[in-house]
Enquirer: 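Have a look at this one.
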Amino acid sequence: MNKVLFFAHLRDAVGAESLSVAAAGKTVAELKAELSAQYDLPRMETVMTAINEEFASNDEVISDGDEIAFIPPVSGG
Amino acid sequence: MNNRYSRQELFSPIGRDGQLQISRKHVLIIGMGALGSGSAEALVRAGIGKLTIVDRDYVEWSNLQRQQLYTEEDADKRIPKVIAAKKRLTELNSSVVMEAIIADASVSDLLDWAQNVDLIIDATDNFETRMTMNDVSQKVGVPWIYGACVGSYGISYTIIPEKTPCLACLLETVPLGGLTCDTAGIISPAVNMVVAHQTGEALKILVGDVDSLRNKLVSFDLWKNKYSAIQVDKLKKEDCPSCGKERSYPNLSFEKQTKTAVLCGRDTVQIRPGVPIVRNLEMLEHLLINQGGTVQRNPYLLSYTMDSHRLVIFKDGRVLIHGTKDIAEAKAVYHRCLG
């Protein structure tokens with residue numbers, strides 16, 4: 001299983017700060033698409049992803065036990 | 001030791017040498033809203049040699065809750081932010097050479113301003129200017145520090161040309177049209193936390209202590225009590241068009257820039273995003289309703305009236321700003337509402 005952490009407005013959209021998801025073998029892009037559809041998450045294609053606190057690109061494959069964090073870049077200043 | 005910088009000089013990573021370095025450096029801050037105010041005050045108090053501040057907007061009452069340099073009188077008189085800021089900053093430290101520029105930071109302006117500075121601090125409210133800043137930083141070889149906040153959430157990352165990944169390496173899709181302070185609100189501690197991360201890194205750069213730089217993208221949520229710092233080293237892309245081997249600086253090209261046009265005789269400015277986007281009008285309606293003002297939506301467009309401006313937003317990203325002929329004013333309204 002994988003722990004998935006949500007930041008900023010994504011946390012509000014999901015309604016929890018983390019989820020337990022079976023994501024092993026999926027790419028980051030696939031997981032994004034899946035969660036986006038399930039929780040109606042806005043603009044997931046622009047969200048940055050960390051796997052075990054390291055930046056991960058959309059084509060990176062997730063392993064069992066990896067902790068995934070979704071970090072939205074925001075623009076306010 | 002009782003000179004005005006004595007406490008900073010007693011801090012050993014800075015010391016007297018570091019203070020001398022700081023007094024010889026020139027920093028450029030783009031945007032003088034909440035983040036810009038905070039960074040400018042910190043650097044001026046720290047004894048920076050020269051500071052150039054740029055902003056296209058004027059002070060409004062809704063700024064006063066977090067934009068620390070401005071007063072009620074500034075809001076009453078609608079003083080341009082950089083003018084009000086320069087006045088206050090000069091009172092704080094008259095030995096700093098201050099340059100205040102009222103302008104919409106265009107590509108050519110940014111290339112020009114960046115020539116003679118040691119560091120650029122990002123305090124803008126939109127990704128278009130940030131991406132331009134990113135490519136200017138790479139082209140001129142000057143570091144820049146990304147910072148942004150919304151709600152109780154904030155994010156920052158330091159970009160050193162030829163060393164770290166650039167912002168284009170990190171963002172596979174540029175997030176145009178995200179949440180803004182005007183749509184999702186903002187609390188001042190989130191601003192101050194981003195400012196602390198940006199000015200902390202700035203001081204390290206200014207005294208030349210590059211080994212102490214964070215090298216991580218930091219993000220936090222002060223209300224949800226979350227803090228994360230992620231490694232980005234492996235993200236530096238050889239083929240990045242902004243910082244890779246065969247770079248073309250795409251964000252400096254005319255095609256990528258937001259196109260504006262004043263519509264004659266209509267007191268209206270049209271703004272077209274530089275990259276194609278499709279607006280989700282339904283989602284936008286929800287965001288804008290929270291701001292007050294009046295929202296009307298049909299399947300083709302959304303109309304939003306706020307104060308003396310009316311925005312008409314089309315699905316293809318095009319926006320008409322009624323109630324002004326001034327491009328800078330229209331762009332300010334546009335980015336405030338739409339990111």
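Values reported hereafter were calculated over all heavy atoms of this structure, with side chains retained and with hydrogens, waters and symmetry mates removed.
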Enquirer: Which atoms of B:Ala229 come close to chain A, meaning under 4.5 Å heavy atom to heavy atom: side chain ones, backbone ones, both, or neither?
Expert: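 For B:Ala229, the backbone is the part near chain A, not the side chain.
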Enquirer: Quick one: list whatever passes salt bridge (Lys or Arg N to Asp or Glu O under 4.0 Å) with B:Asp135, sequence neighbours left out.
Expert: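 Scan of B:Asp135 (salt bridge (Lys or Arg N to Asp or Glu O under 4.0 Å), adjacent residues dropped) gives none.
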Enquirer: Could you measure the distance from the CG atom of B:Leu170 to the CZ atom of A:Phe55? Nearest 0.5 Å is fine.
Expert: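 The distance works out to 3.5 Å.
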Enquirer: Heavy-atom cut-off 4.5 Å, strictly under: side chain, backbone, both or neither for A:Glu45 against chain B?
Expert: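 Looking at A:Glu45, backbone and side chain both touch chain B.
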Enquirer: Tell me whether the count of non-hydrogen atoms from other residues, nucleotides or ligands lying under 6.0 Å of NZ in B:Lys234 goes above 12.
Expert: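 Counting other residues, nucleotides and ligands, NZ of B:Lys234 exceeds 12 neighbours.
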Enquirer: My understanding is that only one of B:Leu217, B:Leu167, B:Leu171 makes a side-chain contact (heavy atoms from CB on, under 4.5 Å) with A:Pro73; could you say which?
Expert: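 That would be B:Leu171; it is the only one of B:Leu217, B:Leu167, B:Leu171 passing the side-chain contact (heavy atoms from CB on, under 4.5 Å) with A:Pro73.
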Enquirer: Quick check on B:Val232 against chain A: is it the side chain, the backbone, both or neither that has a heavy atom closer than 4.5 Å?
Expert: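 Contact with chain A is through both the backbone and side chain of B:Val232.
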Enquirer: Under a 4.0 Å N-O cut-off, is there an ion pair linking A:Glu17 with B:Lys226?
Expert: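 Looking at B:Lys226 together with A:Glu17, the answer is yes, because their closest N to O distance falls below 4.0 Å.
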Enquirer: Looking only at heavy atoms, which two atoms of B:Ser228 and A:Ile71 are closest? And how far apart?
Expert: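 Closest approach of B:Ser228 to A:Ile71: OG-CD1, 3.8 Å.
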Enquirer: Between B:Tyr157 and chain A, which part of the residue has a heavy atom less than 4.5 Å away: side chain, backbone, both or neither?
Expert: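 Neither the backbone nor the side chain of B:Tyr157 comes within 4.5 Å of chain A.
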Enquirer: In terms of heavy-atom proximity below 4.5 Å to chain B, should A:Asp40 be classed as side chain, backbone, both, or neither?
Expert: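 For A:Asp40, there is no contact with chain B at all, as no heavy atom is under 4.5 Å.
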Enquirer: To the nearest 0.5 angstrom, please state how far the CD atom of A:Glu54 sits from the CG atom of B:Leu235.
Expert: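 These two atoms lie 9.0 Å from each other.
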Enquirer: Keeping B:Tyr153 on the side-chain end and A:Pro72 on the backbone end, is there a donor-acceptor pair under 3.5 Å?
Expert: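 Here the side-chain-to-backbone pair exists.
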Enquirer: Contact part of B:Ser219 toward chain A, heavy-atom cut-off under 4.5 Å: side chain, backbone, both or neither?
Expert: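 Answer is both: backbone and side chain atoms of B:Ser219 are under 4.5 Å from chain A.
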Enquirer: Does the side chain of A:Met48 come within less than 4.5 Å of B:Ile230's, by heavy atoms?
Expert: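 Sidechains of A:Met48 and B:Ile230: no contact.
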Enquirer: Within the supplied structure, the quantity of interest is the number of heavy atoms (other residues, nucleotides, ligands) at a distance under 6.0 Å from B:Gln65 CD; does it exceed 12?
Expert: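 Atom CD in B:Gln65 is crowded, with more than 12 foreign heavy atoms closer than 6.0 Å.
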Enquirer: Would you call A:Ser75 and B:Arg130 a side-chain contact if the rule is heavy atoms closer than 4.5 Å?
Expert: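 They are in side-chain contact.
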Enquirer: Please determine, among B:Ala34, B:Gly33, B:Ser152, the option with the most heavy-atom pairs under 4.5 Å with chain A.
Expert: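 Counting heavy-atom pairs under 4.5 Å, the top option is B:Ala34.
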